[in-house]
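Whatever order the structure lists ligands and atoms in, that order sets their numbers, starting from 1.
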Amino acid sequence: MLIRILPPHALRESDVTPEALYLSRRRVLSGLGAAALALPGLAAAKAAAPALAALNVAARRDQAGGEKVTDFETVSTYNNYYEFGSDKDDPARNAGSLKTRPWTVVVDGECEAPGRADIDALIAGRLEERIYRHRCVEAWSIVVPWVGLPLGDFLKRYKPTSKARYVAFETLYDPKQMPDTRYGVLDWPYVEGLRLDEAMHPLTMLTVGMYGRVLPNQNGAPLRLTVPWKYGFKSIKSIVRIRFVEKQPPTTWNRMAANEYGFYSNVNPHVDHPRWSQAKERRLGELFKRDTLMFNGYPEVASLYAGMDLKQNY
Ligand code: MTE
């Protein structure tokens with residue numbers, strides 16, 4: 001991501017090992033006892049997050065092939081959320097200033113029934129837990145039990161017209177609550193986009209929680225996207241506007257460096273990032289790298305890209 005300001009030799013390969021060490025040290029320092037560390041992710045998560053409200057989850061599905069869930073402490077302290085700083089531990093330290101109530105998301109553009117959704121009404125609706133793999137373009141990955149609803153079910157309420165071919169998403173932009181938006185690190189507000197069929201795919205989630213509780217601010221409270229077959233930066237956080245559009249919308253990282261971050265951004269081990277390989281990844285908490293899977297291990301999405309050259313459309 002913003003490593004473009006670093007010299008090429010200082011990239012993520014060298015970054016990740018110290019981060020892994022740092023994370024294990026941090027877990028010890030955080031006061032979690034040895035017993036809690038030994039618990040599987042979900043139990044540890046609940047112990048670690050008593051202040052976050054629990055969610056009513058109607059259905060649970062493991063869609064990460066039984067892989068071990070990453071512990072809550074790691075997932076909530078190793079974040080990218082540039083509105084709150086560009087170091088991995090900045091969002092956990094700084095995102096407390098974000099006010100997540102009241103919160104509405106506006107849905108408009110090419111649809112017959114534009115409107116707004118209130119976060120509490122969304123949370124009161126039917127929620128599912130889905131355990132997904134989540135991989136960052138920086139070659140680290142995590143396995144997270146997200147809670148939310150299929151984005152497609154949400155979008156259908158607004159009746160997209162036949163002109164709607166893409167969906168554009170926008171994060172809140174408020175320098176009072178988001179200290180780093182005072183600087184031109186990125187173009188604000190943070191924006192992302194999906195093609196309509198990607199947005200409607202049953203794997204794509206409008207996420208309101210993780211580990212059975214509402215999202216911590218640093219993870220994108222009160223609602224964010226989760227698109228498990230794409231690099232993490234497509235998962236836009238703290239969404240305030242969703243717009244159906246006819247033309248491919250701009251995306252923040254593509255604006256920053258179009259040759260590095262394409263619109264599609266599918267996890268693809270065969271397309272290197274211009275400055276590093278995407279063939280392998282390090283699961284946070286593990287020492288050794290593992291092979292990265294095509295579409296992050298979600299081959300069911302391949303038909304969305306039939307006939308497309310995925311080296312051109314990276
Ligand atoms: N959304 C906003 N608004 N701002 C950001 O900086 N970072 C993206 C994405 N969504 C980002 C964002 C990137 S680069 C990643 S890898 C994921 O959030 C990280 O999500 P996580 O903190 O849940 O791991």
- Residues which pass ring-ring contact (aromatic ring centres under 6.0 Å, His included) with Tyr314, listed by chain and number, not counting sequence neighbours: none
- With sequence neighbours excluded, residues passing side chain to side chain donor-acceptor pair (under 3.5 Å) with Thr161: Glu110
- Residues which pass side chain to side chain donor-acceptor pair (under 3.5 Å) with Tyr166, listed by chain and number, not counting sequence neighbours: none
- Any donor-acceptor pair under 3.5 Å from Lys237 side chain to Leu172 backbone: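 No, Lys237 side chain to Leu172 backbone: no donor-acceptor pair under 3.5 Å.
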- Would you call the rings of His134 and Trp140 parallel, tilted or perpendicular if under 30° counts as parallel and over 60° as perpendicular?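 If you compare the ring of His134 with that of Trp140, the planes turn out tilted.
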- Query: Hey, what's the ring geometry for Phe233 with Tyr231, parallel, tilted or perpendicular (30° and 60° as the breaks)?
  - Reply: parallel
One pair per line, please: each N/O atom of ligand 1 matched with every protein N/O atom under 3.5 Å away, atom names first, then the distance to 0.1 Å.
residue	atom	partner	partner atom	Å
ligand 1	1 (N)	Lys237	N	3.2
ligand 1	3 (N)	Glu83	OE2	2.9
ligand 1	3 (N)	Thr171	OG1	3.0
ligand 1	4 (N)	Glu83	OE1	2.8
ligand 1	6 (O)	Tyr82	N	2.7
ligand 1	7 (N)	Asn80	O	3.4
ligand 1	10 (N)	Ser235	O	2.8
ligand 1	20 (O)	Lys237	NZ	3.3
ligand 1	22 (O)	Asn79	ND2	2.8
ligand 1	22 (O)	Lys237	NZ	2.6
ligand 1	23 (O)	Asn219	ND2	3.4
ligand 1	23 (O)	Arg224	NH1	2.6

